[in-house]
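Lettering follows sequence order; numbering is per chain, from 1. Just the heavy atoms: all of them, side chains too, but no hydrogens, waters or symmetry mates, feed the values below. Treat the numbers as computed from the prediction; the structure is a model and nothing was measured.
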There are 2 protein chains.
Amino acid sequence: MAVTLADVAARAGVSSATVSRVLSGNYPVAGATRSRVLRAVDELEYVVNGPASSLAAASSDLLGILVNDIADPFFGIIAGAVQGELEGRTDGPGPRKLAVVCNTGGSPERELTYLTLLQRQRAAAIVLTGGAVEDPQHSAALTTRLRRLAAGGTRIVLCGRPPLDEPAAATGTGARQPGPPPSGPELSGPPPSGPVSSAKPRSAAGDRGPLSAAHDGTRGGVLTVAFDNYGGARELTEHLLALGHRHIGYVAGPAERTTTRHRLEGHRAALAAHGGVTADRAEQLTVHGGGYDRSCGYQGARELLRRAPGTTAVLAANDTVALGVCAALREMGLRVPQDVSVAGFDDLPFSVDTSPALTTVRLPLQEAGARAGQLALGTLAPPPSGIVTVRHELRLRASTAPPRTGG
Amino acid sequence: MAVTLADVAARAGVSSATVSRVLSGNYPVAGATRSRVLRAVDELEYVVNGPASSLAAASSDLLGILVNDIADPFFGIIAGAVQGELEGRTDGPGPRKLAVVCNTGGSPERELTYLTLLQRQRAAAIVLTGGAVEDPQHSAALTTRLRRLAAGGTRIVLCGRPPLDEPAAATGTGARQPGPPPSGPELSGPPPSGPVSSAKPRSAAGDRGPLSAAHDGTRGGVLTVAFDNYGGARELTEHLLALGHRHIGYVAGPAERTTTRHRLEGHRAALAAHGGVTADRAEQLTVHGGGYDRSCGYQGARELLRRAPGTTAVLAANDTVALGVCAALREMGLRVPQDVSVAGFDDLPFSVDTSPALTTVRLPLQEAGARAGQLALGTLAPPPSGIVTVRHELRLRASTAPPRTGG
DNA sequence: CTGTTAGCGCTTTCAC
DNA sequence: GTGAAAGCGCTAACAG
């Protein structure tokens, strides 16, 4: 349990510095010496002491990945892709860096805790995946933390969540306590229909406008791989509208998550543009689930159909939720898509295999993860804006069809 | 990026030793001093240097989790549960230890590589999840590695894979080069129907016998959380047999994986016990997929039905594969379960929501992960055998029914 | 190309 | 209860 560099050096008849150089490979060493060292390493079964080298080199080969739910393939796919980028570009037979996947469970506190843990380990980079929680206090804390980390040399990449706000340039001293928005509620349960409409003002603008107005290319060094949740949802709703649906329900995810908000706003925007559905009606047809799992879909659909039995189509927060929605509908004796159309979001692997196959919006999770990994490793040069947006794509399948009675 | 213990000490007017003691909390320190230190820590936003403390303390707070496929919920659920155990029993507001989830992609080399990386970081414990690859050479290498690690104080836990063989006690000097079994092939593609029958001899006995015959309680310090893949598969086949099926196809996973072998053997055992199906016939009705994903199920089912059009039931390697099987059947115009029954394995969350709901064997993945985590942390006292077996359970749902013509 | 020499920041005896 | 000091094993100047 204790063979050190010095041992190897002694065995090979060289200094420990030479062994170190051979091992790190970034320094010229004579061929003969090198192989002698390598042999000694082998014979002694020497394994580098990571902490020691991290300490001496003031850097580590750890890359942190924060996910909201590791049991959800959405995150698994992204995390796997990020991790995949750690391999390949290595000298030896495998990855040199280690990916640390941290499961926050969607909890802001844990997010911060893991950030501390990662910082403690002097992680080389950190990728934060999935929707962020929109509590202003937490956002401020997180932004500060992330900026500080980035300033300290840790590469920070957001994947699937909105870019950090611009560093306060003209406004004043700091972003520490941005006044809470009019709607106010922090983490307390928002009223059933409140947060969406109240959030609307900062809405689409906040989600898209700033991208072009960036002064600081790297936004304080924090890079982003963005999904267009808004656009995807809008297109999906347009598809339903085109099919003739007018009573479109929406089973949304947790109200405080950015992903939820953006998708819902896209949906509302399509409705508004079409004009056939009032905002009130849209509101009435929206149900908020507490999470992104199937039971939320199941319960959401029951609630929705109780509230509005005439619903002819249901949009779900994501594919998993859509599965729950389908289950509930079936149980109520409603056929998909003959009686009610259903659509998901994400296009997880199972979605093509459900019965009926799920209409959804495909998010290139694999690609997004890979890009995030590249940005984190510095393999991919970040664009001037600091934001890489990946493309989504409508996947029209069997779960959506024209309504029975034409609307 | 560089506030150190000394800085905090200076600020608090104490020595760095005192600060260290306050922070680690395992040493008496005067209340006044402690709070003074804590305040300084806060004011300076001090974050411990993990590598430095790991080096000095010769230990780290990293826990490694090796998974075959991080995008597969099977592993995500287990990993999440392991990680969950890291929380709770802490002083501060969150986990003190960090879980490092490593995605091996099922590759033996990468498994070894990650083990090295983890060893390099001086991980406190390592949990290896999911089926192992049965190449004798790799097994030997892995076993040696694991034993060495365990001997060096790293806690090793196997979750969902068979226990390590007993350390060679009477046989000789070491387990370094156990003679390759009669069937011989190492990593080369095995013949379509070969490995299973050739593996049969070491079969059920190897899977169950040794458990009771253990002399070394901890098997060289390597603990195991075991699934009864064999028993689950056997019960599932018995269920189908009882329903009246006689032409039962099996779409298996990768041939070289222990999970595949055990499940297949359980299936074969039920068939043999029942007597109505010859071994040849069973062989003919077995198709091997290259992985555990839906496309393997899809292609496997097509192959199977081509080979044996009279098949009335299909058992899949797992739920995900079963999804692909269902898709293929539907595409061929066969209804599930009226024309063909289908069953999976694992009972992943989506399985209850497919249409029809999938008959399967529930594996308590969450519980298994939690147990593995506890063993890894030393929170749970290992049983004398070193092996914790978790219970499985048949989940009979709508995808299985009696065959059309009674057999 | 290789050896020498300082630390990296923390933990931990050992005194006081 | 607290401080002083000696490393933990490695890297990175700096000489040669």
*Phosphate OP1/OP2 of D/dG9 contacted by A/Ser16 side-chain N/O (<4.0 Å)*: no
*asked:* By nearest atom, which of the nucleotides D/dT11, D/dT2, C/dT11 is closest to the B/Leu5 side chain?
replied: C/dT11
*Rounded to the nearest angstrom, tell me the gap between atom CG in A/Asp7 and atom P in D/dC8.*
11 Å
*asked:* Which residue in the set A/Val37, A/Val29, A/Thr33 passes side chain to side chain contact (heavy atoms under 4.5 Å, CB included) when paired with A/Val19?
replied: A/Val37
_When you measure from the side-chain N and O atoms of A/Ser53 to the phosphate of D/dG9, is any distance below 4.0 Å, counting only OP1 and OP2?_
no
_Quick check: any donor-acceptor pair below 3.5 Å linking the side-chain of B/Arg21 to the base of D/dG3?_
yes
*Looking across every strand, which nucleic acid part, if any, lies under 4.0 Å from B/Ser24 by heavy atom: base, sugar-phosphate, or nothing?*
nothing
*asked:* Between B/Asp165 and B/Thr143, does the side-chain contact (heavy atoms from CB on, under 4.5 Å) criterion hold? Intermediate values first, please.
replied: CA-CA 8 Å; B/Asp165 291 333; B/Thr143 299; 6.0 Å; no
*Value in whole Å for how far the P atom of D/dG7 lies from CG of A/Asn49*: 18 Å
_Which is more 5' along DNA chain D, the nucleotide nearest B/Ala52 or the one nearest B/Val14? Just name the residue._
B/Val14
*Which nucleotide in the set C/dC1, C/dT2, D/dG9 lies at the smallest distance from any side-chain heavy atom of A/Val29?*
C/dT2
_Stepwise side-chain contact (heavy atoms from CB on, under 4.5 Å) test for A/Leu115 and A/Ile126_ = CA-CA 8 Å; A/Leu115 241 27; A/Ile126 302 178; 4.0 Å; yes
_Exam field: side chain A/Arg36 to backbone A/Ala12, donor-acceptor pair closer than 3.5 Å_ = yes
*Under 4.0 Å between any heavy atoms, over every strand shown, what does A/Ala30 touch: base, sugar-phosphate, or nothing? Just pick one.*
sugar-phosphate
_Pick the closest DNA chain C nucleotide for B/Tyr27 and for B/Ala56 by heavy atoms, then say which residue is nearer the 5' end._
B/Ala56
*D/dT11 OP1/OP2 closer than 4.0 Å to side-chain N/O of A/Ser20*: yes
*Where each residue is assigned the nucleotide of DNA chain D containing its nearest heavy atom, which of B/Arg36 and B/Leu55 is assigned the position nearer the 5′ end?*
B/Arg36
*Is it true that a side-chain atom of B/Ser60 and a backbone atom of B/Arg122 form a donor plus acceptor pair closer than 3.5 Å?*
yes
_Distance in angstrom units between B/Arg34 CZ and D/dT2 C1', rounded_ = 14 Å
*Hey, does the side chain of A/Ser15 come within less than 4.0 Å of C/dG3's phosphate (OP1/OP2), counting only N and O?*
yes
*Examine C/dT2: is either OP1 or OP2 under 4.0 Å from a nitrogen or oxygen in the side chain of A/Thr18? Give yes or no.*
no
*Look at all strands and tell whether A/Ser54 reaches a base, only sugar-phosphate, or nothing, counting heavy atoms closer than 4.0 Å.*
nothing
*Could you state the CG-P distance from A/Asn26 to C/dT2, rounded to the nearest angstrom?*
15 Å
